[in-house]
Protein chains: 2
Amino acid sequence: MQETLARRMETFRRECVERGLAVTHQRAVIYEALARSHDHPTPEAVYETVREKIPSISLATVYKNIRAFEEAGLLRQVTPLHESVRLDANLSDHHHLVCLRCKSVTDLPADSIEPVRVKGRLPTRFRVERFNVEVLGLCARCASSQ
Amino acid sequence: MQETLARRMETFRRECVERGLAVTHQRAVIYEALARSHDHPTPEAVYETVREKIPSISLATVYKNIRAFEEAGLLRQVTPLHESVRLDANLSDHHHLVCLRCKSVTDLPADSIEPVRVKGRLPTRFRVERFNVEVLGLCARCASSQ
DNA sequence: ATAAATGCAAATCTTTTGCCATCTC
DNA sequence: GAGATGGCAAAAGATTTGCATTTAT
């Protein structure tokens, strides 16, 4: 497990070099905080963690680097739709097609995807209410103007 | 189809009465804009649409009513995780357990859910990159403190 | 030495809140 | 007429940007 972290830090350094990103102290500490975490933290939470090691770091630096890591493919956002609330007045069972570039959302009838089936047990005593399935990719327009 | 809209407006009025929400002109126009839309608009987009019918409406009113409609169960947000970016440095295939109340996110190994399978064709020439599966519900802590 | 990155402060964008006037029931 | 709602402006929260200083390569 510790081994895995060391390997991930190694990968991180290599990726940075490959992408022309300087391996700064701040970047390494931010990335390590992310690699250690399993709670899918917000930038603010990452900032608080990193501050324990680098009290002088600024929140803007955390944001700038999260953005840089994303662009380098070192991390992802849990959902690509966090920028602004997206509303859905269609309460019937259905799914969504989400364009990663333009963030357009299109309905997908429930029957166009095999029903989600959980195999085995869910980790905790989680009370499942429903499933959200997002099909991520590029819409026709974005795929062609690529 | 027009029929469906009329029926939805009827349901809307009934739900409002049942929940003790006054059926104001603004509310009806906001709800109708949402019911007619299929692009999962942002509050700002709803505001622009509604302004065509009620030029004097304020953005705050749109936000307040979206909130009220949500609480009344008349609409949903496409993802419950839009408040702040949630980061994921684990790029391997996996899913997420999301608590609708506290917004905690927990990893779910890829093999705990049957692989998502698309039945038939996707509507447009959409270039699928990957699937996001969110299991929504209440985490153990929130379910018990309910 | 050079180009990129950091830190700070200000700006921007999204969403919420307080308060008084207005409308629904 | 009472209490909920709307509009406006200000506040709060999240994220980005500009710029001078510092750091990595």
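Every chain is numbered from 1 and lettered A, B, ... according to where its sequence line falls, protein lines coming before strand lines.
Not one N or O on the side chain of Asp39(A) forms a donor-acceptor pair closer than 3.5 Å with the backbone of Ser104(B). Panel note: side chain Arg8(A), backbone Ala89(B); a donor-acceptor pair is recorded below 3.5 Å. With Arg27(A) contributing its side chain and Ala22(A) its backbone, the two residues share a donor-acceptor pair below 3.5 Å.
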- Query: Are Glu32(A) and Leu5(A) close enough, and set up right, to give a side chain to side chain contact (heavy atoms under 4.5 Å, CB included), and what steps lead you there?
  - Reply: CA-CA 8 Å; Glu32(A) 185 178 330; Leu5(A) 180 65; 4.0 Å; yes

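Atom CZ of Arg127(B) sits about 14.5 Å away from atom CG of Leu136(A), to the nearest 0.5 Å. Between Asp88(A) atom CG and Leu75(B) atom CG the span is 8.0 Å, to the nearest 0.5 Å.
In terms of position on DNA chain C, the residue among Ile54(A) and Pro43(B) whose nearest nucleotide sits closer to the 5' end is Ile54(A).
For the helix from dA1(C)-dT25(D) to dC25(C)-dG1(D), the angle separating the two terminal helix axes comes to 40°, with each axis derived from five pairs and the value rounded to 10°.
With sequence neighbours excluded, no residue forms a side chain to side chain contact (heavy atoms under 4.5 Å, CB included) with Pro115(B). In this view, Glu114(A) and Arg117(B), Lys119(B) satisfy the side chain to side chain contact (heavy atoms under 4.5 Å, CB included) rule, not counting sequence neighbours. For Lys103(B), the salt bridge (Lys or Arg N to Asp or Glu O under 4.0 Å) test picks out Glu83(B), with sequence neighbours left out.
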Tabulate protein N/O versus nucleotide N/O from nucleotides 22-25 of chain D, keeping only pairs under 3.5 Å, one per line.
residue, atom, partner, partner atom, Å
dT25(D), OP1, Val23(A), N, 3.2

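For the pair Glu70(A) CD and dT15(D) C1', the interatomic distance rounds to 12 Å; values are reported in whole Å. Rounded to whole Å, the distance from OH on Tyr47(B) to C1' on dG7(D) is 10 Å.
Contact check of residues 74-85 of chain B against DNA chain D (heavy atom, cut-off under 4.0 Å) returns Glu83(B), Ser84(B), Val85(B). Residues from residues 57-67 of chain B with heavy atoms under 4.0 angstrom of DNA chain D, sorted by number: Ile57(B), Ser58(B), Ala60(B), Thr61(B), Lys64(B), Asn65(B).
Counting only residues at least two apart or in different chains, salt bridge (charged side-chain N to carboxylate O under 4.0 Å, His left out) contacts with residues 15-26 of chain A comprise Glu15(A)-Arg19(A). The salt bridge (charged side-chain N to carboxylate O under 4.0 Å, His left out) analysis of residues 69-82 of chain A, with sequence neighbours excluded, yields the pairs Arg67(A)-Glu71(A).
Members clustered with Leu122(A): Leu97(A), Leu108(A), Ile113(A), Val116(A), Val118(A), Phe126(A), Val128(A), Phe131(A), Val133(A), Val135(A), Leu97(B), Leu108(B), Ile113(B), Val116(B), Val118(B), Leu122(B), Phe126(B), Val128(B), Phe131(B), Val133(B), Val135(B), by chain and number, using a 4.5 Å side-chain heavy-atom cutoff among hydrophobic residues.
Classified by interplanar angle (parallel below 30°, tilted 30° to 60°, perpendicular above 60°), the ring pair Phe69(A)/Phe12(A) is perpendicular.
When DNA chain C is scanned 5' to 3' for any atom under 4.0 Å from a heavy atom of chain A, the first and last hits are dA5(C) to dT15(C).
A side-chain donor-acceptor contact under 3.5 Å links Asp107(A) and His40(B).
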For residues 50-59 of chain A, dump all side-chain donor-acceptor pairs below 3.5 Å to protein atoms at least two apart in sequence or in another chain.
residue, atom, partner, partner atom, Å
Arg51(A), NH1, Tyr47(A), OH, 3.4
Ser58(A), OG, Thr61(A), N, 3.3
Ser58(A), OG, Thr61(A), OG1, 3.1

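One finds a side-chain N or O of Ser56(B) lying less than 4.0 angstrom from the OP1 or OP2 phosphate oxygen of dG7(D).
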